[in-house]
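Start at 1 with the first residue, then count along the sequence.
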Amino acid sequence: MELTEIRKQLDEIDAQIIDLFVRRMEASEEVAQYKIEHGMNVYDPVREKAKIENVKNSVAKPEYQHGAQALFNQLMTISRMRQYEIIEQPESSSFGYKQIPQIRKAEGRVAYQGMPGAYGHQAALSFFGRDADLYNVSTFEDVMREVQNGQAQFGVLPEENSSTGIIADVFDLLDRYDNCIVSENVVSVEHALLGVKGSSIRDIRTVYSHPQGILQCSKFLSSRPEWNQVSLKNTAVSAMRVADDGDPSQAAIASPAAAEYYNLDILRTHISDNENNSTRFIIIRHEKEYEENANELALTFELQHESGSLYRALGYLIYNGLNMTRIESRPIQGEKWKYRFFVNLDGSLNDVGIRNALAGLRRETTAFKILGNYVRSE
């Protein structure tokens, strides 16, 4: 047969498929009404598994069996999505979040991790202003704990660096604590080599910094293999260590602001591997609030450890026309080879498509949590 004739056949078959698809969706809507009347769950994994197995066995050609399975998996997923739209009516659900005109930055205390002069301190200053009631704590978890317990009304934590990726510990804490992201602040990371007054780069034998600072300046440090690299809690602690010791053979990788704060000399500027190095900080709060112009949604979920579970979950985003801007996975502590997923989406909790997708995800994941809805930093 000529190609045009084959394509004509395909068009005729596709028209029949469309008619059958519409009939199937109409029948699914009737199923939804029945489930409402009888208080039944939308998702029936036992029946779906049996249905897929029956589909596979009914296809005579073995080379078509996996394709038929994939097709019916998708058909049933789409059917469930439509049923959730009817049963859940998610457009009326706020998922426990309250919309506010804008963040009340002047309200209460702000906790950040690290010492004064560290990048966390800079992020807090640039977001809340110099008149804010800022105070520092030792660890990321301390920030989370202070906010959850009400000792601080806001917390500032690093989430991701443009050179070295996510701060994994912070992602784990977002799941563990009942706080939410209300905003973010991107801070330019300008690493410099700092030494005591009057010292020279020729004197240096030991360099201190946060592990991320050392990693982000790996090219500069690799050209000086004789230097001993020592990791400390953060860049500001490193600068303070050099200032307190007063030893001209010691240096710190930290910000130029830390040099001023701890009265050190800047021995070399712009030593980062990436000149456009930036860190994205998140602003957390215990109250579940989001600004009316929020355009970034963060969530986390866990899935059954089985084939196709992530595919089905992401299908809710595709079905509702959503754009996923990031997906990360983290191991679940105590669960061998099981992972928790962190996803960012374009959109607001005001959007019906967002609410429809979240309603489906909440039903079909083993654990589900919205981490925040906020205005994205450009």
Side-chain angles (χ1 to χ4, degrees), residues 111-126 130 134-143 156-170 173 185-281:
Y112 67 91
Q113 185 272 336
M115 299 292 292
Y119 289 108
H121 185 216
Q122 291 183 42
L125 282 173
S126 65
R130 294 190 173 275
L134 310 180
Y135 71 101
N136 63 306
V137 293
S138 297
T139 68
F140 297 151
E141 187 161 13
D142 287 339
V143 174
V156 179
L157 288 166
E159 183 195 50
E160 180 181 19
N161 179 265
S162 59
S163 296
T164 54
I166 67 167
I167 314 299
D169 291 347
V170 172
L173 290 169
N185 187 25
V186 177
V187 174
S188 177
V189 176
E190 182 186 345
H191 287 316
L193 187 71
L194 315 182
V196 298
K197 290 291 184 180
S199 64
S200 165
I201 198 168
R202 295 188 299 273
D203 302 326
I204 304 305
R205 294 294 176 269
T206 302
V207 60
Y208 299 100
S209 193
H210 185 275
Q212 290 279 334
I214 291 173
L215 183 61
Q216 291 163 19
C217 300
S218 59
K219 291 181 182 178
F220 173 77
L221 292 172
S222 66
S223 65
R224 293 159 177 82
E226 71 278 10
W227 288 5
N228 182 31
Q229 300 173 22
V230 180
S231 296
L232 296 180
K233 285 196 297 184
N234 60 55
T235 55
V237 167
S238 304
M240 184 174 66
R241 168 71 178 269
V242 171
D244 288 346
D245 288 354
D247 184 345
S249 71
Q250 296 179 357
I253 293 174
S255 69
E260 182 179 355
Y261 199 93
Y262 294 103
N263 196 31
L264 297 172
D265 279 348
I266 298 177
L267 306 182
R268 182 70 60 84
T269 59
H270 304 292
I271 63 172
S272 297
D273 297 347
N274 179 3
E275 291 186 2
N276 297 316
N277 192 12
S278 298
T279 295
R280 186 188 311 277
F281 287 83

- Message: Check whether Ser255 reaches the backbone of Ala258 with its side chain - one donor and one acceptor, N or O, closer than 3.5 Å.
- Response: yes
- Query: Can you check whether Asn185 reaches Val156 side chain to side chain, under 4.5 Å on heavy atoms?
  - Reply: no
- State, to 0.1 Å, how close Ser209 and Gly213 come at their nearest heavy-atom pair, and which atoms those are. OG-CA, 3.7 Å
- Reported CD1-to-OG1 distance for the pair Ile214 and Thr164, which is rounded to 0.5 angstrom: 12.5 Å
- Would you give the length of the straight line joining atom CD of Gln229 to atom SG of Cys217, rounded to the nearest 0.5 angstrom? 10.0 Å
- Query: Do Leu193 and Ile201 touch side chain to side chain, with heavy atoms closer than 4.5 Å?
  - Reply: yes
- Query: Which distance, rounded to the nearest 0.5 Å, do you find between the CD1 of Ile271 and the OG of Ser223?
  - Reply: 10.0 Å
- Supply the atom-to-atom distance Met240 CE to Thr235 OG1, rounded to the nearest 0.5 angstrom. 11.5 Å
- Task: Show the numbers, then the answer: is there a side-chain contact (heavy atoms from CB on, under 4.5 Å) between Asn234 and Met115?
- Result: CA-CA 8 Å; Asn234 60 55; Met115 299 292 292; 4.1 Å; yes
- Just wondering, do Ile266 and Leu194 contact through their side chains at under 4.5 Å, heavy atoms? yes
- Query: When you measure from the side chain of Asp273 to the backbone N and O of Lys219, does any donor-acceptor pair fall under 3.5 Å?
  - Reply: yes
- Going by heavy atoms in the side chains, are Ser238 and Tyr262 under 4.5 Å from each other? no
- Can you check whether Gln250 reaches Val196 side chain to side chain, under 4.5 Å on heavy atoms? no
- Contacts of Asp245 meeting salt bridge (charged side-chain N to carboxylate O under 4.0 Å, His left out) (sequence neighbours excluded), chain-then-number -> Arg241
- Query: Can you name the closest pair of heavy atoms from Asn136 and Pro116 and give their distance?
  - Reply: ND2-CD, 4.1 Å
- Task: Would you check, one step at a time, whether the test side chain to side chain donor-acceptor pair (under 3.5 Å) holds for Asn277 with Gln216?
- Result: CA-CA 8 Å; Asn277 192 12; Gln216 291 163 19; 3.0 Å; yes
- Note on the structure: Distance col, row Asp169:CG vs Phe140:CZ, nearest 0.5 angstrom, shows 7.0 Å
- Query: Heavy-atom distance under 4.5 Å between the side chains of Arg205 and Asn228, does that happen here?
  - Reply: no
- side-chain hydrogen bond (donor to acceptor under 3.5 Å, both in side chains) filter on Gln113, not counting sequence neighbours, yields none
- Please find out if less than 6.0 Å separates the ring center of His191 from that of Tyr119. yes
- Task: To the nearest 0.5 angstrom, please state how far the OG atom of Ser199 sits from the CD1 atom of Ile204.
- Result: 5.0 Å
- Side chains of Ser162 and Asn276 in contact at under 4.5 Å (non-hydrogen atoms): no
- Item | Distance-minimising heavy-atom pair for Val170 and Pro158 | CG2-O, 3.1 Å
- Query: Are any of the side-chain heavy atoms of Val143 and Leu173 separated by less than 4.5 Å?
  - Reply: no
